[in-house]
Amino acid sequence: MISMSEAEKYNHRIIEKKWQEKWDRDGLYVTKDDSKQQKFYCLIEFPYPSAEGLHVGHPRSYTALDIVARKKRMEGNNVLFPIGFDAFGLPTENYAIKVKKNPADITNDNIGRFRTQLKSLGLSFDWSREVVTTDPEYYKWTQWIFLKLFKAGLVYQSEMPINWCPSCKIGLANEEVVNGKCERCGTEVTKKNLKQWMFKITQYAQRLIDDLDTVDYLEKIKSQQINWIGRSEGAEILFRIKYPELTQNKTKHCLIVHGVSGHRRENWFPWLKNVLQKDGWQVSVPNLPATDHPVVDDWYKALADSFGNVSTIVCHSLGAPAALNLIQKSNNKIDQLIMVAPVNPSQDWGYLKKEFPHADWEAIKKFADLKFNWKKIKQNVKKIVVYYSDDDPYVSPESVDYYKKNIPEASFKLFRGKGHFNERKGITELPELLDDLIPSVKVFTTRPDTIFGATYVVLAPENELVARCLSQVSNQKEVEKYIKESQNKSDLERTDLAKDKTGVELKGIKAINPVSGEEIPVWVADYVLTGYGTGAIMAVPAHDQRDFEFAKRHKLLIKPVIIPSQQTRIIESTGSHVKTKSFAIESIKDAGGEQKNLEYVASKLPYEGYGYLIDSGKFTDIFSLDASKQIIVWLEKEGKGRAEVNYKLRDWIFSRQHYWGEPIPLVHCEKCGVVPVPEKYLPVELPKVKNYEPTETGESPLAGIKDWVNVKCPKCGGPARRETDTMPNWAGSSWYFLRYTDPHNDKEFASRQALKYWTPVDLYNGGMEHTTLHLLYSRFWHKALYDLKLVPTPEPYQKRISHGMVLAEDGKKMSKSLGNVINPDDVVKEYGADTLRMYEMFMGPFAEAIPWDTKGIVGIRRFLDKVYQLGIRGEGIGNRDVDEKIQSLLHKTIKKVTEDINEFRFNTAVSALMILVNELQGEVKVSKNTIEKLLLILSPFAPHLTEELWNNLGNKDSIHLQTWPKFDAKMVKDAEIEFVIQINGKLKDKCLMPADVTEEDVLQYIEQNSKIQKLIADQQVIKKIFVPGKLLNIVVK
RNA sequence: GGGCGAGUGGCGGAACUGGUAUACGCGAUGGACUUAAAAUCCAUUGGUGUUUAUCCACCUUGUGGGUUCGAGUCCCACCUCGCCUACCA
């Protein structure tokens, strides 16, 4: 028995302090950029340095990755395991306002405290690479990256109703609104119109989904991101609308003026003509033959003849100057001029002449190569629209500037990647064109197969069409009232599912179901959201829960068009094959016996699944999925719809009207507009300010500092104002892992070489709560940087795992308000950092939430006491490994601990170490070699204690510089095993057998085993199943 | 409503690709040491029944079915809980 004098007791206070200081002095954990070694980049989410300090949740994930980092080092890797602080943000700012101190000073204090706490845990961070987001040397590069992305066209400004917290006086991103309440303070969020800087994250939606295939994230992280991005495939469908003004005998005559290639290549004109004619238009298309010698004069004369009574002109390419020439020479007034990819008359046409050498260029010159009388043109045309494309080989976006300068009041619409339009056809390419010609509601649906059941259309109150129609409706006041009401509702009220769905009909206005031609009512209701899809839906009450509720409440037609299976009709019918027909909800109640099948269908409503179409014209009897495809094809041909993909993901609101954030490095100049701050003036530092409170107008407090706000425009030198919005704290955290690779670089955000060596991050751990915010945002930034060739990889993190929360002892979330927070400092003081570390690893599976148990800690402390006694007892340590049993267990433990760390099963690794130590403790003599191996595999978990004992055994170099022990496969294998005998799968007997025992040997053993013999004596043995090295199962009857 | 995950002793939890369920730790009970307590060490500890004992039998992984020689593990249905998300058309 071991007697315990005071001197022999494990004193964690002395040991831990001693070694922490020594490691620090020796720079034991400073990482070198040694490109010859295999790198391993191991990253934890850097903490927000709150005033409360660390809580026991932090050390859980830090220790876990510290263990991984330490083991990787011992396995010969060059490990980067950095630490920093994400210090901008609201809590600090709110605290600063409360205590009237500078947030920068508060941040400094908090970081100081965090540093001390983190260092007391013995984590092997490389502190020389520490990064703080509020440091101007750091946020200089945050601003620099912002400008790069700004110049790449990924940032835009938009006046929009944003989520507004009346208490924090801050605009919130969608992600910061929890159940309609402010994430921080819980106040109900309202709306406020403000100009906001936005990031086009939606442009990357598809890639953010697709590239998940290339990385190793936990499945649930992937699926959560995919869900959040929310891709859904369906169709955009146009419902023509009819309202009184339109039906008054208005001229609908369109003149189509095509370009120099004529009909031969511009095959979208026949399509357009067809679509317009179906809508009741008169269409004139004088054709410029693209054959060898087109007679341009004749064509132009034909145009002039038609011009007399047209209301609309659509022109393309070189047709635009021809049209403009017509308009300026005449006194005819027309409604619209739509110019698609108009050529710039003042530019050189060499490229066109080359393509069409036989054209009559002299004649073309007559109408095209001249200066236009813009004043007169504007007088003659009510509305001008210009479409252009960003990859047009003939008309560059720059040459569109000619029109922008001369007719700035026109609306200019950019189509990405649509070429010169000349070989386009159908609505798949040019849907917006029809917006200007045929008034219609555009809806998005994932279920085009239900379109025959669309019995009404619903617009979001914010849909611009509502405002456009307002003067045409007979119940104008009622509609206006409704719109006002829903604008005043908070998000919480508007999304309250329990409440009845309110709405108001636009009386006098009808939509036309594009497939059935039926006239259906148009409603405005706030259950339709303006931010998703097109802000309008076709309502299919029979097959959508929400539409169903709405239709019931407002007594609208419910028309089933899908049945679960074709058999339904036959099974449920009373006699002959059943006919289906449309019925209103009232008629369901009145339905008589002969309508049994209808009752059946009605009882199933709303039926949201797939099935077979009924009552759907030529698509009847087709299965949903096929029907959807066929209906889309048909709609495209008719110019009434097209296949479309939608994402739930919204663009990222990047502006914060607060002080404590990175200033957005932009300047507003009266003359030049928005001008980026030139790189040489970065960083735009936060000025000192007396008052950190946001202003009542919603502007940031920076707006009040005149000598900071007023600057000279960097472009023209004229008077300008700085942008006073700051960035959200997701900005600094979107790229911090890049800075760690080269944290002191003052020329670049990180050198190319460092990035190439260290990125991507090999292992990134963080909370699940960051899956849809931080993780998505930083993947987006990284991809944008990759596209600009500023980082070498398309994905920032190769592997992402997540840790479970540490709950309070009552199983609830730890929170200050509940008073159940455990402070790690107390645990470190009383039991030691090594004990805290191991306890946090032992408490349960790393990925799951586990309640804290203060009593449970003593078990770990007892274990470390035992280890200490083992390591310290001098006379008990022998030189030779004699005991095979112990050696076998040692090697099994090495194997288990190695594998468990690889798989992040830290709890079972600890238990394996306990088993080994329990065993060793019972031995009289244990070899030094065995103790050392134990210390080595324990060292990532308990770095201080193992270092002390390692040193005590006479080793000079740190244990943390040693090589990770390998297990001997031979030692792991047992020579003898416990062999199991079962009868009908139930355990009956165990016996010691050689590991490679044969079936014959076992059978022989059984024959001599009276117990087994007795049990099977009266039974009939059917068969025997032999599992080598495990068991024999005797099956009896 | 949708998505993801989990239900194993008094508690936290183990159990590899189907093969000895309850490892390891906490707690509890008894004992040793002590004037005493703490600490430490030893023993017992899923349930029920039987037995004067360390023997023996049966039952047990949320519930009910199924597949299998054999199921905590696989399949189907259901119940409960947790997290995320939400009028996303």
Side-chain angles (χ1 to χ4, degrees), chain A residues 1-4 9 178-180 218-224 226-228 230-232 234 443-447 450 454 458 494-499 501 525-529 531-540 543-547 549-550 608 646-650 768-769 771-772 804-805 807 809 811 838-839 842-845 847-860 862-863 865-866 869 896 899 905 907-915 918 921 978-990 1022-1027 1029-1036:
Chain A
M1 200 151 298
I2 305 145
S3 69
M4 292 249 285
K9 250 188 179 164
V178 180
N179 289 330
L218 287 180
E219 257 331 294
K220 62 174 174 177
I221 297 177
K222 282 191 187 180
S223 72
Q224 216 177 91
I226 290 168
N227 262 322
W228 186 263
R231 179 194 157 95
S232 50
V443 306
F444 176 72
T445 179
T446 52
R447 295 292 300 273
T450 63
V458 191
R494 257 183 92 155
T495 57
D496 189 352
L497 281 162
K499 274 193 186 149
K501 292 189 179 4
D526 59 15
Y527 81 92
V528 173
L529 307 172
Y532 183 76
T534 60
I537 59 152
M538 63 177 208
V540 185
H543 304 292
D544 181 280
Q545 182 67 37
R546 297 152 302 173
D547 296 343
E549 284 167 26
F550 190 79
E608 295 186 296
N646 252 304
Y647 300 91
K648 282 191 225 173
L649 186 72
R650 316 282 165 87
M768 276 309 282
E769 70 274 23
T771 305
T772 50
M805 245 188 302
L807 305 170
E809 290 190 272
M838 282 199 91
Y839 174 63
F842 183 62
M843 53 202 297
E848 276 162 43
I850 307 286
W852 181 265
D853 179 18
T854 301
K855 276 193 218 145
I857 298 171
V858 303
I860 296 290
R862 283 174 194 154
F863 163 73
D865 278 333
K866 286 182 206 168
Q869 294 308 324
K896 175 98 176 122
E899 289 169 355
R905 293 188 303 242
N907 53 334
T908 49
V910 174
S911 107
L913 286 163
M914 285 173 166
I915 292 169
N918 286 346
Q921 200 195 11
E978 207 172 42
F979 198 85
V980 167
I981 312 291
Q982 293 180 337
I983 293 175
N984 285 349
K986 298 217 159 142
L987 172 78
K988 292 296 162 187
D989 195 26
K990 294 184 214 175
I1022 295 168
K1023 60 175 161 177
K1024 298 182 180 116
I1025 288 158
F1026 178 74
V1027 183
K1030 283 237 162 77
L1031 55 80
L1032 181 87
N1033 188 13
I1034 305 166
V1035 186
V1036 298

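Chain identifiers are assigned alphabetically (A, B, ...) following the order of the sequence lines, protein sequences preceding nucleic acid strands; residue numbering begins at 1 within each chain. Computed from a prediction, not measured in an experiment: that's the story for all the values here.
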Open item on the list: For a quick test of reading the model: is some side-chain N or O of A:Thr908 closer than 4.0 Å to OP1 or OP2 of B:C24?
Closed with: no
Task: Side-chain N,O (A:Lys1023) to OP1/OP2 (B:C69) below 4.0 Å - done: yes
[X], nearest nucleotide to its side chain (from [options]):
X         : options             : value
A:Val858  : B:G27, B:C24, B:G12 : B:G27
A:Ser223  : B:C16, B:U20, B:C4  : B:C4
A:Val1035 : B:C69, B:U85, B:G13 : B:C69
A:Lys866  : B:G27, B:C24, B:C41 : B:C41
A:Tyr527  : B:C87, B:G19, B:C41 : B:C87
A:Phe842  : B:A14, B:G19, B:G12 : B:G12
A:Lys855  : B:C26, B:G19, B:C24 : B:C26
A:Met914  : B:C84, B:C87, B:C24 : B:C24

Task: Upstream residue (5' side of RNA chain B) when A:Gly985 and A:Asn918 are each assigned their closest nucleotide - done: A:Asn918
Task: Residue mapping more 5' on RNA chain B - nearest nucleotide basis, A:Pro851 or A:Ile860 - done: A:Pro851
By the 4.0 Å heavy-atom rule, please label [X] as base, sugar-phosphate, or nothing.
X         : answer
A:Leu1031 : base
A:Lys1024 : nothing
A:Ile537  : base
A:Glu978  : base
A:Asn227  : sugar-phosphate
A:Lys648  : base
A:Asp547  : nothing
A:Lys896  : nothing
A:Asn646  : nothing

Task: Within-4.5 Å side-chain heavy-atom neighbours: A:Thr908 and A:Lys896 - done: yes
Open item on the list: Between A:Glu608 and A:Asp544, is there a side-chain heavy-atom distance shorter than 4.5 Å?
Closed with: yes
Task: Modelled atom types, side-chain donor and acceptor of A:Lys866 and A:Asn918, under 3.5 Å - done: yes
Open item on the list: Under a 3.5 Å cutoff, is there a donor and acceptor pairing between the side chains of A:Tyr527 and A:Asp547?
Closed with: yes
Open item on the list: Is it the case that the side chain of A:Tyr839 and the backbone of A:Asp853 share a donor-acceptor pair, with hydrogens and angles ignored and the cut-off at 3.5 Å?
Closed with: yes
Task: Check: A:Asn646 side chain, A:Ser232 main-chain N or O, donor-acceptor pair, under 3.5 Å - done: no
Task: Side-chain donor/acceptor contact of A:Lys220 with base of B:C84 under 3.5 Å - done: no
Open item on the list: With hydrogens left out and only the distance checked, is there a donor-acceptor pair under 3.5 Å joining A:Arg862's side chain and the base of B:C41?
Closed with: no
Can you tell me, in whole Å, how much space there is between the [atom1] of [N] and that of [M]?
N     : M     : atom1 : value
B:U50 : B:U67 : C1'   : 37 Å
B:G31 : B:G25 : C1'   : 22 Å
B:C26 : B:C76 : C1'   : 39 Å

Open item on the list: With syn defined as a glycosidic angle within 90° of 0 and anti as the rest, where does B:G47 land?
Closed with: anti
Task: Duplex segments of RNA chain B, taken as runs of at least three Watson-Crick or G-U pairs that stay under 3.5 Å - done: B:1-7 with B:79-85, B:10-12 with B:24-26, B:27-32 with B:40-45, B:46-49 with B:56-59, B:62-66 with B:74-78
Task: Shortest non-hydrogen contact from A:Trp852 toward A:Ile857 - done: CZ2-CD1, 3.5 Å
